[in-house]
Amino acid sequence: MSATTRTPTTPESRTASRSARLLGDRRLPVLVTAGLFLAMYIAGLGRYQNYGFGEPQVFLNLFIDNSYLLVAAVGATFVIMSGGIDLSVGSVIGFTTMLTAWLVEDVGLPLLLVVPISLGVGAFGGFLMGYVIHNFEIQPFIVTLAGLFLFRGLCLVISKESIAITDSAVSTLAETRIPLGLGDLSIGAVVALVVLGVAFYVLHYTRFGRRVYAIGGNEQSALLMGLPLGGTKIAVYTMSGFCSALAGLLFMLYIQSGDPLHAVGMELDAIAAVVIGGTLLTGGSGYVLGTLFGVLVLGLIKSIIQFEGTLSSWWTKIATGVLLCAFILVQRAMTARKKT
Amino acid sequence: MTTPTRWRALTRHHLFWPVAVLVALLLVNVPFTPGFFAIHMTNGHLYGSLVSIVLFGSPLILVAVGMTLVIATGGIDLSVGAVVAITGALTCSYISDQADQNSLSGVFLAMGIGLVAAVVCGLWNGFLVARMGIQPIIATLIIMVAGRGVAQLITDGQIITINSDPYQLIGGGYWLTLPFSIFVVAAVVAVTVALTRRTALGLLVEAVGGNAEASRLVGIRSRRIKIMVYVFCALCAGIAGLMISSNTSAADGNNAGLWIELDAILAVVIGGTSLLGGRFSIGGTVIGALVIQTLTTTIYTIGVPTQTNLVFKAAVVIVVCLLQSPKFRAKVFGARARSAAPAEPAAVADAAPKMEVS
């Protein structure tokens with residue numbers, strides 16, 4: 001736990017009832033999300049047991065099918081934790097699929113060279129946005145909105161048509177499965193889990209992570225404490241750009257094509273996952289593991305809709321919206337509690 | 001002596017830069033399309049590039065005008081695109097269910113249902129923002145995410161096409177030689193300007209945007225004002241939804257009004273309304289929306305591949321925001337910056353409210 005995430009014990013909260021103390025616990029949203037995930041999973045087990053819902057591979061598929069979302073959401077967690085927002089996530093993902101597909105297929109560069117180029121471009125885009133946000137004091141919302149337009153436009157500049165990837169290195173990577181005894185994971189899922197682990201370490205156990213919390217908690221105080229405000233902010237957006245580009249690579253592996261309309265609106269999925277995972281949108285409070293559960297819940301909604309068969313895909317959007325609403329209200333109840 | 005002062009007064013006017021950009025964009029077209037400003041009469045309807053810019057820009061103007069008031073209170077409404085889709089979907093599905101799609105009463109009822117749904121969305125947003133105290137970006141994100149799902153639910157995932165002449169008038173019809181939608185937009189803008197500038201309402205909105213708590217303490221019902229602007233914004237989006245679905249005679253839950261919230265915010269920003277709230281300019285917003293529509297048209301007419309449209313928009317967002325940023329002006333136009341340098345603490349104080357918004 002970092003220093004900024006401890007709730008001060010006021011005399012009132014000591015006398016408050018147990019439920020009130022529980023409401024004040026910052027881990028509550030994560031626990032609620034984890035509980036929700038479990039409940040949904042168990043409900044799914046009961047309902048679709050005969051259709052093979054209980055197989056371990058169905059569970060592992062949650063990681064495989066949502067690897068890119070997990071990586072993007074981890075990047076978004078850092079930005080939101082610092083009190084900002086990044087709307088360019090979906091566009092950067094789309095642009096990365098397009099750029100890699102174009103470089104591999106039309107230019108003919110080896111994948112080994114294309115991967116660092118793509119990651120570098122994504123990180124540089126994030127750096128630029130962070131630079132503008134910090135140095136010119138323009139709201140993150142509007143700067144990353146410009147990023148959204150820019151990267152989506154650049155996708156279309158590369159090509160209006162989707163580019164199928166037939167490169168053997170890509171298909172080998174995409175088809176590689178890592179056996180886990182009960183089932184297997186794709187390369188993408190493993191990369192996503194590694195990213196999650198690194199993010200967990202960085203956010204909760206390093207100086208940089210504490211700075212992110214501090215800036216999200218109160219930027220003025222962080223500045224007065226002498227924290228390197230600009231450097232941290234720019235680093236956060238650079239990381240988000242990097243994560244988005246990495247998510248784009250995973251998405252490209254998953255879908256084996258580049259398309260200018262890939263991942264439209266995925267920034268909303270990422271933000272929703274972060275919120276459902278219990279990170280406060282005002283910044284300064286939350287856990288990376290919460291984001292993992294947020295992504296898993298969203299993934300499970302999709303799986304359940306698939307298993308249900310009669311439900312249409314738009315129910316995903318409605319369910320996501322309802323969950324988002326519920327968790328925002330929970331957060332609100334908690335922050336209202338804290339203020340009194 | 002008087003000419004420079006007058007020039008200076010002119011350039012200082014808040015509409016100067018938006019109008020200058022608009023005029024410059026319009027002029028760019030002339031070398032590429034010689035008869036760009038020509039307007040001719042065919043079958044009693046006026047046609048011409050200028051008319052079509054206003055016609056195609058109508059829904060955007062409507063949404064942007066509603067968005068202006070929301071932004072003036074220091075909020076933002078991301079749900080307008082989804083509201084456009086919901087209104088269009090409800091109205092079209094109601095009309096398509098009717099035996100006689102041309103019956104006037106049926107069309108009015110359908111439009112009423114669509115607009116009521118829009119108002120409900122606005123009430124919900126307003127409730128979350130004003131009563132529950134949730135950040136506007138987040139509160140409106142809910143309908144932005146779920147709304148398109150609801151719209152697709154209404155249309156059953158299909159694109160509903162209708163064949164109703166009275167309904168087609170709103171978005172595609174002509175009246176008194178001009179596209180009917182221009183009259184709708186003019187009416188909405190006139191009512192908005194009258195309400196905000198001829199009554200104290202505009203002042204109250206700006207007061208709430210300047211400092212919601214202070215305005216509450218001096219006796220302004222800031223919550224009620226906030227709910228009102230979200231309802232108004234959703235209503236504008238609903239009318240835009242009617243217009244869009246009427247123009248294409250179809251409701252598409254997935255694509256109707258896609259990205260319109262972003263264009264609307266852009267229009268508001270170009271028009272000179274600060275995203276921090278506290279002041280607004282309806283005239284600026286209308287011009288901002290026209291700038292965006294002209295930009296789109298220009299890109300089409302000068303033969304730049306249309307897909308670069310978004311890149312241009314991104315450039316415009318960045319340039320406009322940089323020009324509005326005091327820090328950027330201080331750094332780039334150095335001379336004035338040095339005289340402003342001692343005011344550094346003030347700049348920090350100014351920066352404080354920004355963080356709440358972001």
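Worth saying up front: this structure is predicted, and the values here are computed from it rather than measured. Each chain gets a letter, A, B and so on, in the order its sequence line appears, and its residues count up from 1.
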By a 4.5 Å heavy-atom criterion (distance strictly below it), what part of [X] contacts chain B: side chain, backbone, both, or neither?
X	result
A:Leu145	side chain
A:Leu268	side chain
A:Asp269	neither
A:Ile133	neither
A:Val275	neither

Are the side chain of [X] and the backbone of [Y] linked by a donor-acceptor contact shorter than 3.5 Å?
X	Y	result
A:Glu267	A:Gly90	yes
A:Ser240	A:Val236	no
B:Thr285	B:Gly271	no
A:Ser91	A:Leu148	yes
B:Ser93	B:Ala89	yes
A:Asn135	A:Tyr131	yes

Specify which of [options] makes the most heavy-atom pairs with chain A at under 4.5 Å.
options	answer
B:Val150, B:Leu153, B:Leu78, B:Ile134	B:Leu153
B:Leu262, B:Ile318, B:Ile265	B:Leu262
B:Ile143, B:Leu141, B:Val145	B:Val145

Worksheet item: Can you tell which of A:Ile318, A:Thr320, A:Leu329 has the highest number of heavy-atom pairs within less than 4.5 Å of chain B?
Response: A:Ile318
Is [X] close to chain A through its backbone or its side chain, or both, or neither, when contacts mean heavy atoms under 4.5 Å?
X	result
B:Leu258	neither
B:Leu322	both
B:Asn254	side chain

Fill in: Chi angles and distances behind the side chain to side chain donor-acceptor pair (under 3.5 Å) call for B:Asn125, B:Ser79
CA-CA 9 Å; B:Asn125 285 335; B:Ser79 70; 2.9 Å; yes
Worksheet item: If you measure from OG1 on A:Thr316 to CD on B:Gln152, what distance do you get to the nearest 0.5 Å?
Response: 9.5 Å
